[in-house]
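Since the structure comes first, as structure tokens, the remarks are kept for the end.
Labels below follow one simple rule: chain letters A, B, ... track the order of the sequence lines, proteins then strands, and each chain is numbered from 1.
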Amino acid sequence: MHDPRVLLDSATEAVRKLARRGYELDLGQLDKLLTQRTSAIQRIDNARGEVKQVANQVQAKARAGEDVGELRERARALKTEIQQTEEQHRQFEADLQELLLGIPNLPDDRLPDGNSDEFAVEVRTWGDTPIFDFEVADHVDIGERLGIFDFPRATKLAGPRFAILKGPGAQLERAITAFLLQLHTQRHGYIEYSVPALVNRPTMTGTGQLPKFEEDLFKTGVDDRELFLIPTAEVPLTNLHAGETLPAEGLPLAYTAHTPCFRSEAGSYGRDTRGLIRLHQFSKVELVRIVDAQRSAEELEIMLSHAETCLQELGLAYRVVTLPAGDIGFSAQYTYDIEVWLPSQQRYREISSVSDCGSFQARRAGIRTKTKDGKRGFAATLNGSGLPIGRTLVAILEQCQQADGSVRMPGVLVPHLGFSRIKADGTTYAVRGGVWG
RNA sequence: GGAGGAUUCGCCUAGUGGCCUAUGGCGCACGAUUGGAAAUCGUGUUGGGUGUUAAAACCCUCGCGGGUUCAAAUCCCGCAUCCUCCGCCA
């Protein structure tokens, strides 16, 4: 959410920036609603002030034994006026909120133009894309050959866009998760959290999923209690400090959590229907940083490096791109995507998105900061995937596939797995006595 | 699901209709004292909004939302959260 006065003050700038992501800002409407709201507040405040004065006069006169009938009349009239103005105020406030909550964050001017990933600009590549002297298989073929996926039964249980992992596949998912959490907590300084996967409407509003993107979410509840399934741990982690004032000297806060993520994938029918790439439910290790608003750009680089380290340690070739202004998320002002190499598709595919949301979410969620000398402000929030487990598993299967049909496990996972290879017949090559093949 | 209790400023706490513009303590900040510190003394210390060049001033804020009243922390109604007990339960 934006401060409406700042938007109005920087009118043409704000309009220009929002236009880059295809949002047309109606400054006239914003100005009108703000003026109406302010005027209503002033009338209410004045009337309340007079009520107080009248009440004091009533007391004084009553003590002196004078008649207070006229004053009572006046106070009653004021009260009616207040109630009417309050009703107007509620409407203006609601309209203003609706408008403000629907305005996306302002994209950073350094971002390239464009409204799709075609316009993403490559920042760097890492690792050699593997060269195979045999015909590569995609992750679905590999996984089914190894017997570690069961898509038909997933569909039976829940329908399309769900997956079942089995045996070494399920173990691999668990090992990737454990490795990532250990990396972030032990080497990158993140505090691990275990958080609710169902959250309420204010929480979803705080990070920007609501009110505009309700159709992207799974929604549930008990009786008349409404709950949403989180699409990412960014939601609970960022909202941990919603409505709180944080001491500035305690920043940055660095949080991580492994959670299931649920997405309706409305509007993506027919896209990535195969395999683990795009599911209604997947699990992910998420990174969140809550930082001083002035430092968000530097913090973004730090967080990006943490996400990159995951892939480097796993030995997976990837590249980093800067998303164009029209393709970043609603709450973001700057976003890097990390794309991992998928041999079967002969291209890089998104595996991590690392975003600087500036104070956009902090203002929505009410995450404030206070310095020792009493200066107040809003924090900045950042989030990044570090990493989604399913897509990481896809990349491992594809990049580490062998001519004999087996898949070699990345070395960093072996201690978590207890095996170093899934053999072509789906059995594993167990690690014994610290020697593995 | 049932019964009872609680919710006041960062923490603890006083407060049964107007003098609450909320008491006192702890903590914190600044100052005095000191060679320096402790102790002591003094001053300050919820947040939000309107407003202003800045201020002043005003409004809201005693869990949340309504209501009664000229006037509500205080009375009434609803709700939320927490605690205790019973029931159910991974």
From [atom1] of [X] over to [atom2] of [N], roughly how many Å is that when rounded to an integer?
X     : N      : atom1 : atom2 : result
A/N46 : B/rG49 : CG    : C1'   : 13 Å
A/I44 : B/rG51 : CD1   : P     : 13 Å
A/E86 : B/rC59 : CD    : P     : 15 Å
A/H89 : B/rG48 : NE2   : C1'   : 12 Å
A/E93 : B/rC60 : CD    : P     : 17 Å
A/D9  : B/rU53 : CG    : P     : 13 Å
A/D45 : B/rG49 : CG    : P     : 13 Å
A/R74 : B/rC70 : CZ    : C1'   : 12 Å

Pairing partner of [N] (Watson-Crick or G-U wobble, both distances under 3.5 Å):
N      : answer
B/rA39 : none
B/rU81 : B/rA6
B/rC58 : B/rG49
B/rU16 : none
B/rU68 : none
B/rG44 : B/rC28

If we count only N and O atoms by modelled type, under 3.5 Å, do the side chains of [X] and [Y] hold a donor and an acceptor together?
X      : Y      : value
A/D95  : A/Q91  : yes
A/E192 : A/T185 : no
A/T85  : A/R43  : no

Inset, instruction - State whether A/R278 and A/E265 are salt-bridged, where the test is any N-O pair (Lys NZ or Arg NE/NH1/NH2 against Asp/Glu carboxylate O) under 4.0 Å. - result: yes
If we take the [atom1] atom in both [N] and [M], what is their distance in whole Å?
N      : M      : atom1 : answer
B/rC9  : B/rG25 : C1'   : 13 Å
B/rA71 : B/rU61 : P     : 14 Å
B/rU23 : B/rC62 : C1'   : 13 Å
B/rA37 : B/rA56 : P     : 33 Å
B/rG48 : B/rU40 : C1'   : 38 Å
B/rC79 : B/rG2  : P     : 11 Å
B/rC82 : B/rC88 : P     : 22 Å
B/rC83 : B/rG15 : P     : 26 Å

Considering every strand and a 4.0 Å limit on heavy-atom distances, what is the contact class for [X]: base, sugar-phosphate, or nothing?
X      : result
A/K79  : base
A/R37  : sugar-phosphate
A/Q83  : sugar-phosphate
A/A75  : sugar-phosphate
A/R376 : sugar-phosphate
A/R225 : nothing

Inset, instruction - Please tell me which of A/G49 and A/Q42 maps to the more 5' nucleotide of RNA chain B, matching each residue to the nucleotide holding its nearest heavy atom. - result: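 Here A/Q42 is the residue nearer the 5' end.
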Legend entry - Nearest-nucleotide comparison on RNA chain B, the residue closer to the 5′ end among A/R48 and A/Q59: A/Q59
Which nucleotide wins on minimum distance to the side chain of [X], given the candidates [options]?
X      : options                : result
A/R90  : B/rG66, B/rG49, B/rG67 : B/rG66
A/K370 : B/rA71, B/rG47, B/rG49 : B/rG47
A/R63  : B/rC59, B/rG18, B/rG51 : B/rG18

Inset, instruction - Check the angle between the aromatic planes of A/H306 and A/H188 and answer parallel, tilted or perpendicular using the 30° and 60° thresholds. - result: parallel
Legend entry - Presence of A/R368 side-chain N/O under 4.0 Å of B/rG48 phosphate oxygens OP1/OP2: yes
Legend entry - Heavy atoms from other residues, nucleotides or ligands near NZ of A/K212 exceed 12 (cutoff 6.0 Å):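 Atom NZ in A/K212 is packed in, count exceeds 12.
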Inset, instruction - Taking the side chain as every heavy atom from C-beta outward, state whether A/V140 and A/F151 have any pair of such atoms under 4.5 Å apart. - result: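 Yes, at least one pair of side-chain atoms sits under 4.5 Å.
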Legend entry - Centroid-centroid distance, A/F360 to A/H2, less than 6.0 Å: yes
